[in-house]
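The structure appears below as structure tokens.
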There are 2 protein chains.
Amino acid sequence: MSLSITTKDVAEKAGVSQATVSRVLNGYPYVNEKTRQKVLEVIKEMGYQPNHVARSMVLQQTKTLGLIVSDITNPFYGEIAKSIMDWAREAGYNVVLCNNDNSREMQDYYQNFLLQKRVDGIIFASVSMEDEEVVKLVRSNFPCIMCNRRLKNNAGSFVVSNNERGAFKAVSYLMSLGHRRIGFISGPANFSTAAERLKGYLEALKAYGVEVDNSLVIQGRFHKQFAYEAAAKLLALENRPTAIFGANDLTALAAMECVLDHGLDIPKDMALVGYDDINISSHRRIGLTTVAQKKEEIGRLAVEKILEMIAKKKRDEKLEPVHIYLEPQLIIRDTCGRNQKERRWNNEGFSL
Amino acid sequence: MSLSITTKDVAEKAGVSQATVSRVLNGYPYVNEKTRQKVLEVIKEMGYQPNHVARSMVLQQTKTLGLIVSDITNPFYGEIAKSIMDWAREAGYNVVLCNNDNSREMQDYYQNFLLQKRVDGIIFASVSMEDEEVVKLVRSNFPCIMCNRRLKNNAGSFVVSNNERGAFKAVSYLMSLGHRRIGFISGPANFSTAAERLKGYLEALKAYGVEVDNSLVIQGRFHKQFAYEAAAKLLALENRPTAIFGANDLTALAAMECVLDHGLDIPKDMALVGYDDINISSHRRIGLTTVAQKKEEIGRLAVEKILEMIAKKKRDEKLEPVHIYLEPQLIIRDTCGRNQKERRWNNEGFSL
DNA sequence: CCATCCTTTGCATACGTATTCATAAAGAGT
DNA sequence: ACTCTTTATGAATACGTATGCAAAGGATGG
């Protein structure tokens, strides 16, 4: 347990050189079996613990990934973070987690900080579309990858949901149920998720020959309070929508509260669809119909790809951008009033 | 942005020694103003970024905290983690997050790993009561602190909820509403939270002169599936309870699903109380009456105390254990059928 | 003018490890 | 007995930074 014991101390006690101890630790072939045993014995006896800082210094790699998340209290990111941490550990990496609270200032601070910590790579979840610092980082050939949201112009590597298709599926589904006035509570325009889901929303309207009513589309922040107020605005319209599509589950959940607070029934008076499929959305009391993202897979792919980039970088090769679009899946539950089948524990709904 | 540029490179270009560059970077007083300016200029020009690994090496401190969490997808830990990360950053520290999935093996792995990374301190959220490795760590005078759960015999430092009182409040409240048969879905016996909340449950029964019925107390894991099945067991009793106290919110939420799946009404047929007050519990569709933990404060205190310990350790002083019990607060919402007042957005309920 | 102090700088070293280079001993083949 | 290879080890160095020590230059005061 003694952290201040070095290979030098071990060497001294074992009557060998520091180099030999190092060789034993790293499984170097040419070490006499007897010496090896002796060294291992002393290591155990003294409770030696390798110093990763020194190791990083000489090996020029920290075996550490940076992960910048926009809000770790959002279960969506919690699940992605978990997946990333699990897969990173699998590969002998650990993760420094940073929470930028969707603030550009924090984002820049953490990015710089992680670089100074000499992490081997950075996973961004999630960036805003025109983050100059991330663009610079991508250009500098530093291993990094984006999850969920991405930069504009396809810059850099990313693992994202096919948001356009996801939103298209969601809105098409609502229209197939007869809805024609569909509100859309969107996120910030500079978040690729919000922009792309809006695109999907518009496409679906077009496919059904429905004209766009701009008063039904509310741009804003991904924030509970904001989403609640946005829903209130939609409800206050003289010709109010019969359905609301929230740009993510938390938004939809806030809208749900607003609708209920107005004494309306879901789904009778108002249908509701979200995006992400966070854990709570499947709760019987919530039963949110939503577009699912495979969070475990996003994390797995992000780690897999960034490790490949790190390996490539070490061989001094140029990093080719990786673009991964995951197929979104519509999970039909109760908030659109169609799923009349009896729902049971762990019933994850039906896909479209 | 160039990470491979060192103080030596800067020194060369600025025509000074490496030591002088270092002195400029650290705001050392005796540097000629002209030299300082020149050096700063070159630093900017070359895009020099300090190497924290080397810095950690010589300063013998990493400015990094380890945080081992049992399940980051549980919003309770998400909020604690956020608070910890925020306060750590405030103090110039960063956080390596580890997820042990309540597995003893992962716990030991990560603890060891963090020590090898030479983090300055470790925050545990949450340990099991007889974790030998944590006990050893505490004994070794290494700065560490526990959140939420703690070791037995008051070993080490911790910031926890006064679980006994919290459970007492919750169960007393149920009894004040007339409930006499109250089920308790507990967590593992070797989690201090579970053990202490059970104690509070029993005390409350005693205070009301109600005899304990062991069939109403179900010990188990903090796991959705388990909690659901535990609730099913309670419902299957010939003389089933009229209320269920879940050892945490996720447990209560799972129980809620089970109760609803059995066609029962909440709160008419079954009252429900949880513990933690995670974000979703206040959702209008959930309205879970629960014992609140101040997650932000837990994080703040944990960081504050561990930084004190780190400072003390550096002065070679012995670390005095810190024991903090936070007063739990009962938040009354809808699941016990008493809160008839109109609930509105952001209404956090009433405290008892 | 000399002693003393303050300011400024460079040299050298330390942090703990991995690894190259050199060397020595031991076998192996002729 | 001799080279040649294989095995085994230690000495020395590098990684990038901070800092103690020495020294040089200038300023100050008597």
Side-chain angles (χ1 to χ4, degrees), chain A residues 1-40 42-43 46-64 92 113 115-120 314, chain B residues 1-40 42-43 46-64 92 113 115-120 314:
Chain A
M1 192 71 68
S2 275
L3 298 180
S4 49
I5 291 177
T6 70
T7 46
K8 204 176 146 197
D9 301 327
V10 172
E12 218 159 284
K13 190 148 185 181
V16 297
S17 75
Q18 180 271 330
T20 298
V21 175
S22 175
R23 281 191 269 254
V24 169
L25 285 167
N26 293 288
Y28 199 80
Y30 297 139
V31 179
N32 183 285
E33 189 51 30
K34 234 172 158 177
T35 345
R36 153 173 277 112
Q37 289 307 330
K38 174 68 184 167
V39 169
L40 288 176
V42 174
I43 282 176
M46 302 182 79
Y48 166 80
Q49 290 281 30
N51 184 325
H52 268 46
V53 177
R55 214 150 179 283
S56 295
M57 178 96 225
V58 47
L59 292 181
Q60 299 286 73
Q61 56 160 345
T62 52
K63 286 279 185 180
T64 297
F113 188 85
L115 291 178
Q116 299 193 349
K117 292 281 290 187
R118 295 299 191 270
V119 295
D120 296 335
K314 206 181 288 178
Chain B
M1 193 70 68
S2 274
L3 299 181
S4 49
I5 291 177
T6 70
T7 45
K8 204 175 146 197
D9 300 328
V10 173
E12 218 159 286
K13 190 150 185 179
V16 297
S17 76
Q18 178 270 329
T20 298
V21 175
S22 175
R23 283 190 268 254
V24 169
L25 286 167
N26 293 287
Y28 200 79
Y30 295 138
V31 178
N32 185 284
E33 190 50 30
K34 235 173 158 177
T35 346
R36 154 174 277 110
Q37 289 307 329
K38 175 66 183 167
V39 168
L40 287 176
V42 175
I43 281 175
M46 302 182 80
Y48 166 79
Q49 291 281 30
N51 184 326
H52 269 45
V53 177
R55 212 148 180 285
S56 296
M57 178 97 229
V58 47
L59 293 181
Q60 298 285 74
Q61 56 160 346
T62 51
K63 287 278 184 180
T64 297
F113 189 84
L115 291 178
Q116 300 193 349
K117 292 283 288 187
R118 295 299 191 270
V119 296
D120 296 336
K314 207 182 285 179

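All values below come from the heavy atoms of this structure, side chains included, with hydrogens, waters and symmetry mates left out. In what follows, chains are A, B, ... by sequence order, proteins preceding strands, each numbered from 1. Since we're looking at a predicted model, the values are computed, not measured.
With sequence neighbours excluded, no residue forms a side chain to side chain contact (heavy atoms under 4.5 Å, CB included) with A:Q60. Taking B:T20 as the reference, B:S17 meet the side chain to side chain donor-acceptor pair (under 3.5 Å) condition, with sequence neighbours excluded. For the side chain to side chain contact (heavy atoms under 4.5 Å, CB included) test, residues two or more places apart in sequence or in another chain that qualify with A:A54 are A:N51, B:M57. Listed by chain and residue number, B:Q18, B:V21, B:L25, B:Y48 satisfy the side chain to side chain contact (heavy atoms under 4.5 Å, CB included) test with B:T7 (two or more places apart in sequence, or in another chain). Evaluation of the side chain to side chain donor-acceptor pair (under 3.5 Å) rule for A:K314 yields A:Q61 as partners, not counting sequence neighbours. Applying the side chain to side chain contact (heavy atoms under 4.5 Å, CB included) test to A:K117 and every residue at least two apart in sequence or in another chain returns A:F113, A:V119, B:H52, B:T64, B:N94. Considering only residues two or more places apart in sequence or on other chains, B:R118 meets the side chain to side chain donor-acceptor pair (under 3.5 Å) condition with none of them.
The side chain of A:M57 sits closest to D:dC15 out of C:dT17, D:dA18, D:dC15. Checked against C:dG10, D:dA18, C:dT17, the side chain of B:A19 finds its nearest nucleotide in C:dG10. The side chain of A:L59 lies closest to C:dA18, out of C:dA18, C:dT17, D:dT17.
Going from atom NZ of A:K63 over to atom C1' of C:dT17 covers 16 Å, rounded to whole Å. We find that CG of B:N26 is positioned 17 Å from C1' of C:dT8, with the value rounded to whole Å. Atom CD of B:Q49 is separated from atom P of D:dT17 by 11 Å (rounded to the nearest Å). For the pair A:K117 NZ and D:dG16 C1', the interatomic distance rounds to 15 Å; values are reported in whole Å. When rounded to the nearest whole Å, the span between NZ of A:K8 and P of D:dA11 equals 12 Å. The CD1-P distance, from B:I5 to D:dT17, rounds to 11 Å in whole Å. Between A:L25 atom CG and C:dG16 atom P the separation is 15 Å, expressed in whole Å. The nearest whole Å value for the distance from the NE2 atom in A:H52 to the C1' atom in D:dC15 is 17 Å.
Smallest separation of non-hydrogen atoms from A:S4 and A:D9: O-OD2, 3.7 Å. Residue B:R23 comes nearest to B:V31 through the heavy atom pair CB-CG2, 4.0 Å, listed as atom of the first residue, atom of the second, then distance. The minimum heavy-atom distance between A:V10 and A:I43, with the atom names listed, is CG1-CG1, 3.8 Å.
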Got a list of protein N/O to nucleotides 6-9 of chain D N/O distances below 3.5 Å?
{"residue": "D:dT7", "atom": "OP2", "partner": "A:Y30", "partner atom": "OH", "Å": "3.0"}
{"residue": "D:dT9", "atom": "OP1", "partner": "A:T35", "partner atom": "OG1", "Å": "2.7"}
{"residue": "D:dT9", "atom": "OP2", "partner": "A:N32", "partner atom": "N", "Å": "2.8"}
{"residue": "D:dT9", "atom": "OP2", "partner": "A:T35", "partner atom": "OG1", "Å": "3.2"}

Please tabulate the protein-to-nucleotide N/O contacts below 3.5 Å involving nucleotides 25-27 of chain C, giving atom names and distances.
none

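Between the side chain of A:N26 and the backbone N or O of A:Y28, no donor-acceptor pair lies under 3.5 Å.
Interface remark: the A:Q18 side chain does not form any donor-acceptor pair with the D:dA11 base, using a distance-only criterion of under 3.5 Å.
Within 4.0 Å (heavy atoms only), B:S22 reaches at least one base atom of the nucleic acid.
Note on A:Q60: a side-chain N or O is less than 4.0 Å away from OP1 or OP2 of D:dG16. Between A:N51 and the phosphate of C:dT17, there is no side-chain N or O to OP1/OP2 separation shorter than 4.0 Å.
Inter-axis angle, ends of the helix from C:dC1-D:dG30 to C:dT30-D:dA1, five pairs per end, rounded to 10 degrees: 50°.
Residue pairs that meet the salt bridge (charged side-chain N to carboxylate O under 4.0 Å, His left out) test with at least one member in residues 10-19 of chain B, sequence neighbours left out, are B:K13-B:E45.
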